[in-house]
There are 2 protein chains.
Amino acid sequence: MKLSEGTEWAIHCCSLLANLPPDFALPKSRLAEFFDLPEDYLAKFLQELSRAGLVKTSRGPGGGYQLAKPAGQINVLEIVQAVEGDQHFFQCTEIRRCGPSGVADKHYKKPCGIARTMHRAEAAWRAELAAVSLNEISQMGAEESPQEQIEKSLSWFESVM
Amino acid sequence: MKLSEGTEWAIHCCSLLANLPPDFALPKSRLAEFFDLPEDYLAKFLQELSRAGLVKTSRGPGGGYQLAKPAGQINVLEIVQAVEGDQHFFQCTEIRRCGPSGVADKHYKKPCGIARTMHRAEAAWRAELAAVSLNEISQMGAEESPQEQIEKSLSWFESVM
DNA sequence: ATAAAACGGACATATCATATCCGAATATAA
DNA sequence: TTATATTCGGATATGATATGTCCGTTTTAT
């Protein structure tokens with residue numbers, strides 16, 4: 001059980017977008033270049049961020065992706081769910097109802113203890129992610145980047161804008 | 001991102017084993033019958049429970065699977081990890097090091113903020129699962145089963161022992 | 001008009017989940 | 001000793017999902 005790579009890409013991209021000047025849009029070609037990712041595949045995830053309302057897009061020359069909201073108003077869970085969908089990790093197939101001891105569906109009033117336990121754990125996972133804003137992510141990124149990387153980022157950015 | 005069905009099966013099987021009299025072993029054929037599952041495939045997961053030391057096995061006539069420890073000393077996380085492996089959901093591919101702003105590996109001292117955030121969330125998930133013992137699972141199962149199911153279980157059990 | 005860009009669908013490939021089968025090892029009982 | 005019941009591990013098949021590429025359409029700035 002593994003999250004898709006797209007999740008990592010999407011968070012990094014959002015964090016990069018959070019550092020751009022307002023009203024500046026970055027096209028997928030630049031985002032892919034910055035992280036050395038396959039452009040067309042990355043586009044899939046960017047489109048999902050767009051559908052989820054986390055980024056806004058503009059077409060045509062000078063267009064691209066920007067955050068749709070201030071980075072403080074986006075949390076990591078939203079990004080993860082935009083990419084992964086909102087399926088539960090654990091999908092109960094109700095095997096308690098099968099086999100020689102199973103009885104008619106109507107007798108099972110609520111989810112079984114196993115499903116409740118698994119879902120509570122998922123809720124804890126989600127809560128941790130929801131508690132971290134994109135702002136914090138981008139700030140951590142800035143703090144922990146080697147000085148040389150920050151300089152290279154800035155000069156890359158000047159070359160593209 | 002989805003847990004395998006084997007996880008659900010394994011927890012249910014362990015819960016069933018928790019209700020057996022001591023020194024009674026249930027073969028995979030009976031376990032598969034009880035939940036109406038494909039026997040050979042179920043066996044894969046039972047073997048993983050065995051490798052993880054959660055169940056013990058005995059071969060030959062009268063053999064089968066039993067819990068290796070009292071149900072109070074097994075928690076749900078152990079069962080899940082036996083089946084799913086202990087891979088992280090989030091596997092950081094360090095894309096921060098790639099592209100035009102990346103610098104030499106030696107400059108990155110610790111995991112990035114994104115990886116730390118994702119791992120903290122996973123830790124919360126694990127903690128919830130580790131906090132629930134197989135004993136509690138099996139007790140919930142007993143409490144929430146329709147009366148008719150309990151009776152059918154007992155009579156099935158008498159027919160196999 | 002031209003070029004730059006997102007968008008969406010079609011397609012190809014790779015990896016993993018699901019499933020089945022079989023032979024070998026092991027243990028019990030007749 | 002033989003027959004039978006069982007776990008164990010490897011080989012193989014199939015299906016679903018993740019990964020990746022390509023192309024035609026739409027939108028928009030210049």
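By convention in this document, chain letters (A, B, ...) are assigned in the order of the sequence lines, proteins followed by strands, and residues within each chain are numbered from 1. The figures here come from the full heavy-atom set of this structure, side chains too, leaving out hydrogens, waters and symmetry mates. Keep in mind that what you see is a predicted model, and the values were worked out from it rather than measured.
- The stretch residues 80-96 of chain A has no heavy atom under 4.0 angstrom from DNA chain D at all.
- Note that the SG atom of B:C92 and the CZ atom of B:R96 stand 6.5 Å from one another [nearest 0.5 Å].
- Of the two residues contacting DNA chain C, namely A:G63 and A:R51, the nearest-nucleotide position lying further toward the 5' end is that of A:G63.
- Across the protein-nucleic acid pair, A:K2 atom NZ and D:dA18 atom C1' stand 8 Å apart, rounded to whole Å.
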Which atom pairs, donor and acceptor, lie under 3.5 Å between side-chain atoms of residues 59-67 of chain A and protein residues at least two apart or in another chain?
none

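- Shown for residues 38-49 of chain A: residues whose heavy atoms fall under 4.0 angstrom of DNA chain C, namely A:K44, A:Q47.
- Under the salt bridge (Lys or Arg N to Asp or Glu O under 4.0 Å) criterion, no residue pair touches residues 36-55 of chain A, with sequence neighbours excluded.
- Here the CG-CZ distance, from A:N19 to A:F157, works out to 9.5 Å after rounding to the nearest 0.5 Å.
- Residues in residues 151-161 of chain A take part in no salt bridge (Lys or Arg N to Asp or Glu O under 4.0 Å) pair, two or more places apart or across chains.
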Please tabulate, for side-chain N and O atoms in residues 117-134 of chain A, each donor-acceptor pair with protein atoms closer than 3.5 Å (sequence neighbours left out).
unit_1	atom_1	unit_2	atom_2	d
A:T117	OG1	A:G113	O	2.8
A:H119	ND1	A:A115	O	3.3
A:H119	NE2	A:H88	ND1	3.3
A:H119	NE2	A:F90	O	3.2
A:E122	OE1	A:F89	N	3.2
A:E122	OE2	A:F89	N	3.0
A:E122	OE2	A:F90	N	2.9
A:S133	OG	A:N135	N	3.3
A:S133	OG	A:E136	N	3.1
A:S133	OG	A:E136	OE2	3.3

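- For the segment residues 4-36 of chain A, the set of residues with a heavy atom within less than 4.0 Å of an atom of DNA chain C comprises A:P27, A:K28, in numerical order.
- The side-chain contact (heavy atoms from CB on, under 4.5 Å) check on B:P70 picks up B:Q73, with sequence neighbours excluded.
- Under the rule for a side-chain contact (heavy atoms from CB on, under 4.5 Å), the partners of A:R116 that lie at least two apart in sequence or sit in another chain are A:K110, A:P111, B:M140, B:E144.
- Linking ILVMFWY side-chain heavy atoms closer than 4.5 Å, directly or via other members, places B:V160 and B:L16 in a single hydrophobic cluster.
- Formation of a donor-acceptor pair under 3.5 Å by the B:Y108 side chain with backbone atoms of B:V103 is found in this model.
- Across the protein-nucleic acid pair, B:L37 atom CG and C:dT18 atom P stand 12 Å apart, rounded to whole Å.
- Shown here for B:A68 and B:G53, the closest heavy-atom pair between the two residues is CB-O, 3.3 Å.
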Polar atom pairs between nucleotides 26-29 of chain C and protein, under 3.5 Å, N or O only, would you list them?
unit_1	atom_1	unit_2	atom_2	d
C:dT26	O4'	B:R59	NH1	2.9

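- For residues 76-89 of chain A, the set of pairs meeting the salt bridge (Lys or Arg N to Asp or Glu O under 4.0 Å) definition, not counting sequence neighbours, comprises A:K69-A:E78.
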Expected list for residues 20-35 of chain B: side-chain donor-acceptor pairs under 3.5 angstrom, two or more places apart:
unit_1	atom_1	unit_2	atom_2	d
B:R30	NH1	B:E33	OE1	3.0
B:E33	OE2	B:W156	NE1	3.4

